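Notes to accompany the following structure.
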Amino acid sequence: HFSHEFIARLTQLDYARSIALVAIEPRSGEMLGAVRLHADADYHRGEYGILILSDLKGHGIGWRLMAIMIEYAKWLGLDVVEGQVLRENSTMLAMCQSLGFKTRLDPDDP
């Protein structure tokens, strides 16, 4: 479970340039995952971050959150949306590629 403080930190945003989308389990009210998008001052680039409960990975929650975030980025007129994914996170890398992202190695990632 995520603490109240952690959820607050995820959702307190600069509403002019950021959005957070949260998946909530309707019966329990438990947060299942979240994605954030933060646009630069020129609305040219955006950076995303995503978090899904470990035991729920592979159930489509991340894919759906990412798809909604991408639509929002298009609505904002962002030219580029990027994020960092650990090279060992093959599931996330495959999902990003299926959503149209290009991947490249980070020279700072050992």
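As the structure is a prediction and not an experimental result, all values here were calculated from the model. Quick note: numbers below take in every heavy atom, side chains included, and nothing from hydrogens, waters or symmetry partners. For the single chain, residues carry numbers from 1 onward in sequence order.
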Chi angles and distances behind the side-chain contact (heavy atoms from CB on, under 4.5 Å) call for M95, F101: CA-CA 9 Å; M95 181 182 71; F101 285 89; over 6 Å; no
Salt bridge (Lys or Arg N to Asp or Glu O under 4.0 Å) assessment of E47 paired with R45: CA-CA 7 Å; E47 183 175 2; R45 302 177 85 81; over 6 Å; no
Distance, nearest 0.5 Å, that separates CD1 of I52 from CE of M92: 8.5 Å
Distance (rounded to the nearest 0.5 Å) between I70 CD1 and L37 CG: 10.0 Å
E25 side, atom CD; I61 side, atom CD1 - distance, nearest 0.5 Å: 9.0 Å
Pair M66-V35, side-chain contact (heavy atoms from CB on, under 4.5 Å): steps then yes or no: CA-CA 7 Å; M66 289 288 289; V35 66; 4.2 Å; yes
Heavy-atom donor-acceptor pair, D42 side chain to H44 backbone, under 3.5 Å: no
Heavy-atom closest contact (V22 atom, A34 atom, distance): CG2-CB, 4.1 Å
Pair Y48 + Y72: ring centers closer than 6.0 Å: no
hydrophobic_cluster_shared for W75 and Y43, side chain cutoff 4.5 Å: yes
NZ-CE distance between K74 and M69, expressed to the nearest 0.5 angstrom: 10.5 Å
Gap separating the OG atom of S90 from the CD atom of Q97, nearest 0.5 angstrom: 10.5 Å
Shared hydrophobic cluster for L86 and L51 (ILVMFWY, side-chain gaps under 4.5 Å): no
Pairwise distance CG(L78) to CZ(R17) - rounded to 0.5 angstrom: 11.0 Å
Close side-chain approach of C96 and K102, heavy atoms under 4.5 Å: no
Side-chain touch E30/L53, heavy atoms, less than 4.5 angstrom: yes
